[in-house]
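Since the structure comes first, as structure tokens, the remarks are kept for the end.
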Amino acid sequence: MSTHQNHPYHLVDQSPWPLTGAIGAMTMLTGMVSWFHLQNNMLMMMGIIILSMTMYQWWRDISREGTMQGLHTSKVVIGLRWGMILFITSEVLFFFSFFWAYFHSSLSPAVEIGNMWPPMGITPFDPMSIPMLNTSILLSSGVTVTWAHHSLMENNKSQATQGLFFTVMLGLYFTILQGYEYWEAPFTIADSVYGSSFFVATGFHGLHVMIGTTFLMVCLLRHYSNHFSKKHHFGFEAAAWYWHFVDVVWLFLYMAIYWWGS
């Protein structure tokens with residue numbers, strides 16, 4: 001039976017990974033509830049393991065389809081680009097809701113928090129200390145990921161590797177500093193609407209930094225394995241777009257919450 005196809009599109013094969021991913025997500029969510037109420041995190045850890053194994057094997061299959069099997073034609077890549085653009089657009093709206101909540105509470109503080117912002121009893125972070133350092137780290141990571149992208153387009157493998165490596169290191173450094181800031185925070189997520197909006201907005205951004213760092217780590221491994229060429233590297237482009245989005249969101253967070261809000 002011939003496997004030749006007369007169209008440029010990728011008709012995906014049957015895969016178990018959407019099912020195992022759904023099972024892993026449900027197990028992790030149920031396990032989180034069990035952990036919060038029963039102080040037992042075994043089910044949550046099982047869900048994380050299932051999700052991690054699913055992600056590894058799903059990404060492995062997609063990498064094989066795009067490199068070894070040649071299924072990511074120019075038509076398919078256009079669809080992947082639009083998919084990533086729409087995904088980042090949805091993420092913009094996701095963070096827009098947090099900014100809306102923050103400005104709604106800060107521009108007209110309720111009487112329950114003393115008609116003032118920050119609320120009475122809240123000591124905000126100094127915007128010129130760790131937040132400023134984190135801002136410089138993310139801006140630097142935006143430069144290094146752009147350096148890696150241009151090096152890849154010029155077929156300079158060594159400089160692309162260096163740029164990606166430094167970007168991953170800066171992402172890890174940012175995450176460590178954010179964790180240290182949380183550890184030393186003088187308020188908690190339960191301290192009025194200020195604590196809630198602060199930790200939800202910056203916490204989700206930190207989660208996106210960790211996801212983006214993982215994304216770039218995968219790209220670094222793929223680049224080291226010669227999966228990318230100067231004209232065929234959308235996996236890396238998607239990671240770079242996502243990382244620039246994370247950078248821009250942090251700039252708005254820094255200006256609104258750390259600088260203006262303090």
Side-chain angles (χ1 to χ4, degrees), residues 51-72 74 76-89 91-92 95 130 132-180 204-251 253-254:
L51 271 181
S52 300
M53 293 175 67
T54 298
M55 287 190 295
Y56 171 78
Q57 293 172 102
W58 204 343
W59 291 345
R60 176 205 62 189
D61 289 353
I62 293 171
S63 298
R64 287 174 177 173
E65 291 166 357
T67 53
M68 287 71 166
Q69 298 175 357
L71 296 174
H72 289 182
S74 57
V76 173
V77 169
I78 290 172
L80 293 173
R81 287 178 185 276
W82 276 109
M84 194 65 193
I85 290 169
L86 292 173
F87 169 68
I88 291 177
T89 302
E91 292 285 272
V92 169
F95 277 99
I130 291 180
M132 175 59 80
L133 177 58
N134 268 343
T135 302
S136 63
I137 289 169
L138 274 192
L139 289 176
S140 300
S141 71
V143 173
T144 56
V145 77
T146 304
W147 168 32
H149 192 190
H150 282 274
S151 299
L152 190 56
M153 289 190 293
E154 293 171 2
N155 213 22
N156 191 330
K157 183 178 178 181
S158 62
Q159 288 206 15
T161 303
Q162 292 174 46
L164 265 173
F165 175 78
F166 285 126
T167 307
V168 169
M169 289 299 102
L170 289 169
L172 292 173
Y173 188 27
F174 177 93
T175 304
I176 292 169
L177 285 176
Q178 190 77 39
Y180 175 75
F204 268 112
H205 176 267
L207 177 63
H208 282 69
V209 170
M210 289 187 281
I211 293 170
T213 305
T214 305
F215 203 170
L216 289 166
M217 273 187 204
V218 172
C219 288
L220 180 59
L221 292 173
R222 292 190 64 194
H223 176 63
Y224 189 76
S225 301
N226 295 313
H227 285 192
F228 299 137
S229 69
K230 63 184 297 183
K231 292 186 177 179
H232 191 82
H233 53 265
F234 175 71
F236 173 78
E237 275 188 321
W241 291 355
Y242 187 83
W243 196 252
H244 288 308
F245 158 74
V246 168
D247 283 354
V248 172
V249 169
W250 175 258
L251 289 177
L253 282 173
Y254 176 77

Original post:
With Ser74, which residues qualify under side-chain hydrogen bond (donor to acceptor under 3.5 Å, both in side chains), at least two apart?
Top reply: none

Original post:
Under a 4.5 Å cut-off applied to non-hydrogen side-chain atoms, are Val143 and Leu139 in contact?
Top reply: no

Subject >> Donor-acceptor contact present, side-chain His208 to main-chain Phe204, <3.5 Å >> reply: yes

Subject >> For Ser136, all residues meeting side chain to side chain contact (heavy atoms under 4.5 Å, CB included), sequence neighbours excluded >> reply: Leu133

Subject >> Sole residue of Leu216, Leu220, Thr146 in side chain to side chain contact (heavy atoms under 4.5 Å, CB included) with Thr167 >> reply: Leu216

Subject >> Heavy-atom side-chain proximity of Val209 to Gln178 below 4.5 angstrom >> reply: no

Original post:
Mind checking what makes ring-ring contact (aromatic ring centres under 6.0 Å, His included) contact with Phe166, not counting sequence neighbours?
Top reply: none

Distance-only donor-acceptor hits, side chain of residues 65-72, under 3.5 Å, sequence neighbours excluded:
from, atom 1, to, atom 2, distance (Å)
Thr67, OG1, Ser63, O, 2.5

Subject >> Summary of salt bridge (Lys or Arg N to Asp or Glu O under 4.0 Å) pairs that have at least one residue in residues 223-238, sequence neighbours excluded >> reply: Arg81-Glu237

Subject >> Partners meeting side-chain hydrogen bond (donor to acceptor under 3.5 Å, both in side chains) with Asn155 (sequence neighbours left out) >> reply: none

Subject >> Partner set under ring-ring contact (aromatic ring centres under 6.0 Å, His included) for His205, not counting sequence neighbours >> reply: Phe174, Trp250

**OP:** Could you pull out the closest heavy-atom pair between Ala239 and Cys219, with the gap in Å?
**Re:** CB-SG, 3.7 Å

Original post:
For Ile211, which residues count as a side chain to side chain contact (heavy atoms under 4.5 Å, CB included) partner, sequence neighbours excluded?
Top reply: Leu207, Tyr242

Subject >> All side-chain hydrogen bond (donor to acceptor under 3.5 Å, both in side chains) counterparts of Ser141, not counting sequence neighbours >> reply: Trp243

Subject >> Which residues share a side-chain hydrogen bond (donor to acceptor under 3.5 Å, both in side chains) with Gln159, sequence neighbours left out >> reply: Trp147

**OP:** Name all residues meeting the side chain to side chain contact (heavy atoms under 4.5 Å, CB included) criterion together with Ile130; count only those two or more places apart in sequence or in a different chain, and write none if there are none.
**Re:** Asn134, Leu177, Tyr180, Glu181

**OP:** Using the test side chain to side chain contact (heavy atoms under 4.5 Å, CB included), find all partners of Val218 that sit at least two apart in sequence or belong to another chain.
**Re:** Trp59, Arg222

Original post:
Which heavy atom of Gly171 sits nearest a heavy atom of Thr213, and at what distance?
Top reply: CA-OG1, 3.8 Å

Original post:
Under a 4.5 Å cut-off applied to non-hydrogen side-chain atoms, are Leu138 and Leu170 in contact?
Top reply: no

**OP:** Taking the side chain as every heavy atom from C-beta outward, state whether Asn226 and Lys157 have any pair of such atoms under 4.5 Å apart.
**Re:** yes

Original post:
Can you tell if the side chain of Phe234 reaches within under 4.5 Å of the side chain of Trp241, non-hydrogen atoms only?
Top reply: yes

Original post:
Is there a side-chain contact between His227 and Phe236, using heavy atoms and a 4.5 Å cut-off?
Top reply: no

